[in-house]
2 protein chains.
Amino acid sequence: MARHSILDSLNETLRKETLDKVRAMQFPPGQILFSAGQHCQGLPLVIGGRVKVQMTGISGHSIVLYRMGVDDICTLSIGCLMTGRPYRAEAVVEEDARALMIPRGVFDRLMDQSAAFRLGIMESYGRRLDDLMLLVEEVAFRRMDTRLEEWLLARANGGSVVITHQELAVELGTAREVVSRLLKELERRDMVKLSRGKIQVTGLLESSAQL
Amino acid sequence: MARHSILDSLNETLRKETLDKVRAMQFPPGQILFSAGQHCQGLPLVIGGRVKVQMTGISGHSIVLYRMGVDDICTLSIGCLMTGRPYRAEAVVEEDARALMIPRGVFDRLMDQSAAFRLGIMESYGRRLDDLMLLVEEVAFRRMDTRLEEWLLARANGGSVVITHQELAVELGTAREVVSRLLKELERRDMVKLSRGKIQVTGLLESSAQL
DNA sequence: GGGTTGAATGTGACTTTATCACTGAAGTCC
DNA sequence: GGACTTCAGTGATAAAGTCACATTCAACCC
């Protein structure tokens, strides 16, 4: 059955009550969980699949902020839920995602009655802040070529990645042309093989991999 | 007396107990509240002055992430307090700062017993996430010249700012030389007057001010 | 199969930003 | 009034972003 570790820490009664009022939902790839400007309906606890959270600036450019996977909590929703402000970012399903939607009332109740639940929420917040701080540093100071290599290495596993240059540009927060040129250069150095919508990683050194 | 709005929402007993166990502290400009790698001792509630939070990346460059002022809560500390992880950033006092330090036990108790306190904490978290998301967008996509102009406008109030080019570079997350050149260009256009450690803002248009 | 279409990719030219390596200028401290 | 330190200016070059357009590929339709 649908489970999320933050619910495991609840006592029997509370868990039963919660599971009773929670909606289990399923989303296909490409589905948009929420987008900028929308208001939050409930707190999603991710129990499977993968969801990317990205934002589009006034400039019209987009950048991926972070990802959610199994056992994650949608941190952004918490703030929107409690303050009533709309989302500033957008969440897009990458791999068939399943989530438990916790309605506002239940969330309040859990925060009130379970220290373990509170800890889980706080941890999630802390992790997100950390993610974003690292991202700021990355975007502000690190070179695009090394970031690109690291990104490829991190998700190719010696194999290949199915992605367009445009999507990759959004991952890194840069322009498509920049990605195209850097990839071409990597191809010249026999580190990748390019084809339409797909990148085969052949000779990137593990040594350059950091996160 | 020392007051923080998040404590105002507590009931009489809880507030008395809290104020009893809280340490009021004072910090002069330049003082470092905490630095990267340190462990968190308690949650600071800022009740006066101004503190900037900045981080230094592996590259050795620094960037200012956000500021705290009256009635702010040091969001970063919450995560470090609850998870036991060390700080990743550094907090430096800019204007004589006063804060109430809430020890861990009291924090846990407040989270447990006051819905209003919880809401305050969550709001603070939400604001911080927002700040950082905006910063990411800013750093990734916006032009340095407009960011510089906006920064000057936001804190000059038609007067002048006491700051070195190096410090300004850290504010914007760029290199000192870049700031120097952009400022020189602004001077040529009669929009600022430069002197050692000080920038007089004379003719920047309000129209370019956002945030 | 040949043609049409739209998305994906390649690239030149140019601007902006970052980096490196200096030089000079302005304050501070004996 | 030097000696030192911090701050600021600048040329040369590299990296990254922008704009405009050319090319290529895959899919779809007769």
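Lettering follows sequence order; numbering is per chain, from 1. Not measured: the values here are computed from a predicted model.
Atom CZ of B:R188 and atom C1' of D:dT10 are 11 Å apart (whole Å). The CG atom of A:L168 sits 16 Å away from the C1' atom of D:dG17 (whole-angstrom rounding). Atom CZ in B:R196 sits about 14 Å away from atom P in D:dT5, given to the nearest Å. As a whole-Å value, the separation of B:M144 CE from D:dA16 C1' is 12 Å. Atom NZ of A:K198 and atom P of D:dA26 are 11 Å apart (whole Å). Computed from coordinates, the B:Q166 CD to D:dA8 P distance equals 9 Å when rounded to whole Å. We find that CD1 of A:I63 is positioned 14 Å from C1' of D:dG17, with the value rounded to whole Å. As rounded to whole Å, 13 Å separates atom P of D:dT6 from atom CD of B:E167.
Distance check: B:E90 CD to B:I32 CD1 gives 4.5 Å after rounding to the nearest 0.5 Å.
Residues A:E137 and B:R88 are not paired through a salt bridge, judged by the lack of any N-O separation under 4.0 Å between the basic side chain and the carboxylate. Electrostatic pairing of A:R50 and A:D72 does not count as a salt bridge here, judged by no charged N lying under 4.0 Å from a carboxylate O. Of the charged side-chain nitrogens involved, none lies within less than 4.0 Å of a carboxylate oxygen, so that B:E150 and B:R147 do not count as a salt-bridged pair. Between A:R189 and A:E185 there is a salt bridge, with a side-chain nitrogen of the basic residue lying less than 4.0 Å from a carboxylate oxygen of the acidic one. Between B:R127 and B:D130 there is no salt bridge, since no side-chain nitrogen of the basic residue lies less than 4.0 Å from a carboxylate oxygen of the acidic one.
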Under the side chain to side chain contact (heavy atoms under 4.5 Å, CB included) criterion, do B:I63 and B:L172 qualify, and how do the steps go?
-> CA-CA 7 Å; B:I63 184 170; B:L172 300 172; over 6 Å; no

Criterion side-chain hydrogen bond (donor to acceptor under 3.5 Å, both in side chains) on A:T75 and A:Y66, from CA distance to verdict | CA-CA 11 Å; A:T75 324; A:Y66 61 85; 4.9 Å; no

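In this structure, A:R143 reaches the D:dA15 phosphate: one of its side-chain N or O atoms is under 4.0 Å from OP1 or OP2. B:H165 has no side-chain polar atom (N or O) that falls below the 4.0 Å cut-off from OP1 or OP2 of D:dT6.
The stretch residues 171-184 of chain A touches DNA chain C through A:R176, A:E177, A:R181, A:K184, each having a heavy atom within less than 4.0 Å of the strand.
Summary of the strand contacts: A:A140 and A:E187 both lie near DNA chain C, and taking for each the nucleotide with the nearest heavy atom, the more 5' one is attributed to A:E187.
Bracketed by its first and final contacts, the part of DNA chain C lying under 4.0 Å from non-hydrogen atoms of chain A reaches from C:dG6 to C:dA13 in 5' to 3' order.
Using bins of under 30°, 30° to 60° and over 60° for the plane-to-plane angle, the ring pair B:F107/B:F117 lands in the perpendicular bin.
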